[in-house]
Amino acid sequence: MARQARRLIGDLSRRLLYPKQLQQHRNFGSPPPPPAVFVDKNTRVICQGITGKNGTFHTEQAIEYGTKMVGGVTPGKGGTEHLGLPVFNSVAEAKAETKASASVIYVPPPFAAKAIMESMEAELDLVVCITEGIPQHDMVRVKVALNKQSKTRLIGPNCPGIIKPGECKIGIMPGYIHKPGRIGIVSRSGTLTYEAVFQTTAVGLGQSTCVGIGGDPFNGTNFVDCIEKFLVDPQTEGIILIGEIGGTAEEDAAALIKESGTEKPIVAFIAGLTAPPGRRMGHAGAIVSGGKGTAQDKIKTLREAGVTVVESPAKIGTAMLDVFKQRGLV
Amino acid sequence: MVRGLLGKLASRSLSVAGKWQQQQLRRLNIHEYQGAELMSKHGINVPKGVAVGSVEEVRKAMQEVFPNQSEVVVKSQILAGGRGLGTFKSGLKGGVHIVKADQVEDIAGKMLGQILVTKQTGPQGKVVSKLELELPVYGHRIMKSFLLASFILQITVYLAEKFSLVNEMYFAITLDRKSAGPLIIACKKGGTSIEDLAEQHPELIVKVPIDVFTGITDEDAAKVVDGLSPKVADRNASIEQVKKLYELFCKCDCTMLEINPFAETSDNQLVAADAKLNFDDNAAFRQKEIFALRDPTQEDPREVAAAKADLNYIGLDGEIGCMVNGAGLAMATMDIIKLHGGTPANFLDVGGNASENQVVEAFKILTSDEKVKAILVNIFGGIMKCDVIASGIVNAAKQVQLKVPVVVRLEGTNVDQGKRILKESGMTLITAEDLDDAAEKAVKAIAS
């Protein structure tokens with residue numbers, strides 16, 4: 001409150017003392033509140049790699065969906081236009097000109113880590129890296145750099161992106177299966193998430209925000225980061241968590257859920273229950289080793305935290321609806 | 001399945017190093033002798049050894065490399081562990097032999113070209129194309145440590161140099177999720193009883209996280225050496241060896257590097273007596289030399305074919321062949337098949353950017369698998385377009401003899417076009433509406 005008042009007074013005094021600067025100063029009055037779960041209709045997004053094949057296709061899709069795409073970055077193509085948007089040579093330039101707060105990265109693996117670092121240095125609020133196949137040694141460096149700062153949040157890499165249905169779509173998910181609604185979804189998988197979305201739309205619950213955290217072992221955002229936001233987001237009345245074998249992200253989530261004492265219904269599905277141990281199933285992070293990271297362990301830990309864990313991926317939506325009914329929410 | 005040394009260690013006290021030990025065969029693992037060559041290139045002490053692929057090469061090696069030795073270890077190099085206790089299909093027992101110098105040619109002749117069956121190869125065993133000749137390092141103790149040696153070793157017999165073993169230690173470097181960086185693990189007691197030790201004396205396990213940006217400092221390396229507690233090896237030389245190992249780990253994009261045992265010789269050197277290196281698949285584009293070491297003759301031919309077509313495929317043993325887009329959904333499809341009483345024949349993720357050609361290749365691989373009695377295609381198109389999949393299926397059916405029923409479930413981008421293409425093709429396909437329906441129909445299709 002006090003900060004907003006100070007800003008307002010600052011604006012007014014600037015207007016009186018330096019009238020010329022009015023034209024450059026865009027911030028009249030209080031800025032919009034930050035998004036509940038990382039993105040919303042006010043998020044202004046640039047695309048790193050916009051002139052590439054994937055960058056082009058998905059920027060077109062995003063614009064069609066209604067996302068506020070405001071520019072792109074392709075080193076060497078600054079000053080040109082692509083899909084009606086200005087292209088810049090660097091993230092810093094793009095941010096300065098377009099006032100972007102977020103970036104989506106469709107850059108090939110050899111250069112993707114560098115692209116993430118560039119956005120971090122430009123201090124964007126959010127970076128969503130879709131790229132799959134970034135060398136782990138590169139991501140370890142990104143992770144260390146991320147941990148040393150608190151301005152930029154990274155989602156991914158190797159993720160489908162994030163979507164707030166009806167407001168902002170950053171990533172490769174098919175927009176049409178989503179419906180603005182009541183369920184927050186967080187997942188390590190891409191297409192399996194679409195199943196959960198499809199099912200929750202089908203049972204009439206819809207989604208508040210869906211976050212794909214990706215399948216890599218070194219990533220920017222984990223279950224706990226999303227669940228923390230979901231727990232205090234009034235639009236999110238129920239949470240769906242989609243996990244996989246390998247690592248301890250689900251166990252960390254269970255601990256957070258237990259500690260929070262939340263009454264919001266939480267449903268989970270852990271993929272790979274039947275995967276043979278010792279085989280890496282697609283995602284670099286999905287590997288069970290030395291008895292750790294098994295689906296059984298995760299399921300048990302989540303159930304102990306009060307989470308409804310379904311064993312069939314076809315029952316995610318109906319399970320959530322059942323819990324909603326039990327709690328008198330429908 | 002595979003219960004390697006590192007795996008047991010991890011399950012007891014370390015959740016770290018063990019994580020990456022169990023790798024799918026498609027992930028790059030290199031032979032023992034290749035690992036030794038690589039380490040040697042980076043200035044790391046390794047036992048002297050020679051890889052040989054024929055009896056002539058054995059003869060040559062004995063004359064040129066080991067002219068004065070009385071005994072030599074002949075190690076089968078196969079891409080599986082348990083060599084020491086394995087049995088050749090010919091009847092010869094043991095994949096590792098310590099023999100007198102004049103018997104080397106003879107035993108090598110009995111191993112080369114033969115199939116060795118171990119606990120980890122499966123009943124079909126693996127063919128021995130190469131042998132590594134090594135001088136006996138620790139006398140009879142070699143046999144035991146080979147039992148626990150890395151499970152990825154090709155039957156190449158490795159000849160190594162004899163030197164008196166003073167001490168055996170354990171050393172590993174891995175990328176740790178919790179500390180978000182490289183982690184060095186050291187223990188003063190390595191060799192055969194490392195697992196028991198980890199259980200009884202976890203305090204003997206020393207972990208040193210390394211700052212990726214600073215790199216390994218003398219201080220870090222010293223901590224590791226103190227953890228190893230070598231008895232006779234020169235401290236400074238040891239510190240240098242540790243630093244070189246870390247450099248190799250970073251330069252070569254390793255996801256894990258394990259040395260067990262890390263031995264001391266009577267001439268005060270640290271030597272990596274047996275090492276296992278795993279490399280990051282994602283780094284293949286910048287590690288061309290290392291990835292050229294991959295030996296497809298040891299891999300599942302279905303997986304080799306899949307890798308050629310850039311498909312993410314893991315062969316399993318069941319009856320329902322799967323084609324899915326997305327690793328999570330692919331795993332979930334395997335899960336739901338099992339829930340309905342079926343058995344998945346494979347894991348196959350066609351990915352988001354699959355071309356029609358790749359779909360055709362995927363189909364060919366699935367239909368060439370004799371165990372497959374039905375095929376389930378489960379596609380939820382995001383980037384992947386349903387019409388591309390549908391065209392791929394129709395084209396594949398034209399090229400291969402479709403002898404088994406195919407269940408198709410399509411959803412997502414361009415689903416209507418996809419369904420139309422399938423309908424108009426005139427193919428006999430079983431269509432399904434959702435995951436449950438698809439799995440149920442696939443299982444039923446086998447029964448009929």
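Residue numbers begin at 1 in each chain, while the letters A, B, ... track the order of the sequences.
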- request: Rounded to the nearest 0.5 Å, what's the gap from CD on Q136(A) to CG on D281(B)? Could you check?
  value: 9.5 Å
field: Within 6.0 Å of CZ in F291(B), more than 12 heavy atoms from elsewhere
entry: yes
- line: Nearest heavy-atom contact between G381(B) and P174(A) is O-CG, 3.7 Å
- prompt: Any donor and acceptor pair, going by atom type alone, linking the side chain of H137(A) with main-chain N or O of T255(B) inside 3.5 Å?
  reply: no
- request: Rounded to the nearest 0.5 Å, what's the gap from CD1 on I336(B) to NZ on K315(A)? Could you check?
  value: 7.0 Å
- request: Only counting residues at least two apart or in another chain, list the ones meeting side-chain hydrogen bond (donor to acceptor under 3.5 Å, both in side chains) with K385(B).
  value: none
message: Given heavy-atom pairs under 4.5 angstrom as the criterion, report whether the side chain, backbone, both or neither of F285(B) touches chain A.
response: side chain
- prompt: For residues T191(A) and N325(B), is any side-chain donor paired with an opposing acceptor at under 3.5 Å?
  reply: no
query: Are more than 12 heavy atoms from other residues, nucleotides or ligands located less than 6.0 Å from atom CD of E60(A)?
result: yes
- request: Any chance you could measure S189(A), atom OG, to L329(B), atom CG, to the nearest 0.5 Å?
  value: 6.5 Å
Heavy-atom pairs under 4.5 Å with chain A, option from A439(B), P344(B), A332(B), A283(B) with the top count: A332(B)
query: Quick one: does R286(B)'s side chain get under 4.5 Å of P135(A)'s, heavy atoms only?
result: yes
field: Exam field: side chain D335(B) to backbone G272(A), donor-acceptor pair closer than 3.5 Å
entry: yes
message: Looking only at heavy atoms and a cut-off of under 4.5 Å, which of T193(A), D138(A), N147(A) has the most pairs with chain B?
response: D138(A)
message: Using every non-hydrogen atom in the two residues, find where V144(A) and A180(B) come nearest and quote the distance to one decimal.
response: CG2-O, 3.4 Å
task: Answer whether the closest heavy-atom distance between the side chains of L273(A) and K338(B) falls below 4.5 Å.
output: no
field: N/O donor-acceptor pair under 3.5 Å between R177(B) side chain and F218(A) backbone
entry: no
- prompt: If you count the non-hydrogen atoms of other residues, nucleotides and ligands that lie under 6.0 Å from CD in E289(B), is the total more than 12?
  reply: no
- request: Would you name the heavy atoms of G133(A) and N282(B) that are closest together and state the gap between them?
  value: O-CB, 3.3 Å
message: Among A330(B), G181(B), S179(B), G412(B), which residue has the highest count of heavy-atom pairs closer than 4.5 Å to chain A?
response: G412(B)
Separation of F198(A) CZ from E411(B) CD (nearest 0.5 Å): 3.5 Å
statement: Turns out that what part of D253(B) lies under 4.5 Å from chain A's heavy atoms comes down to both
message: Testing the basics here: between G328(B) and L192(A), what is the closest heavy-atom pair and its distance to 0.1 Å?
response: O-CD2, 3.6 Å
- prompt: What are the two closest non-hydrogen atoms of T248(A) and K178(B), and how far apart are they?
  reply: OG1-NZ, 3.9 Å
- line: side-chain hydrogen bond (donor to acceptor under 3.5 Å, both in side chains) filter on E195(A), not counting sequence neighbours, yields R409(B)
query: For I177(A) and F380(B), what are the C-alpha separation, side-chain angles and deciding distance, and is it a side chain to side chain contact (heavy atoms under 4.5 Å, CB included)?
result: CA-CA 11 Å; I177(A) 57 175; F380(B) 203 121; 3.9 Å; yes
- line: Between P182(B) and V140(A), the two heavy atoms sitting closest are CD-CG1, 4.3 Å
- prompt: Between I242(A) and chain B, which part of the residue has a heavy atom less than 4.5 Å away: side chain, backbone, both or neither?
  reply: neither
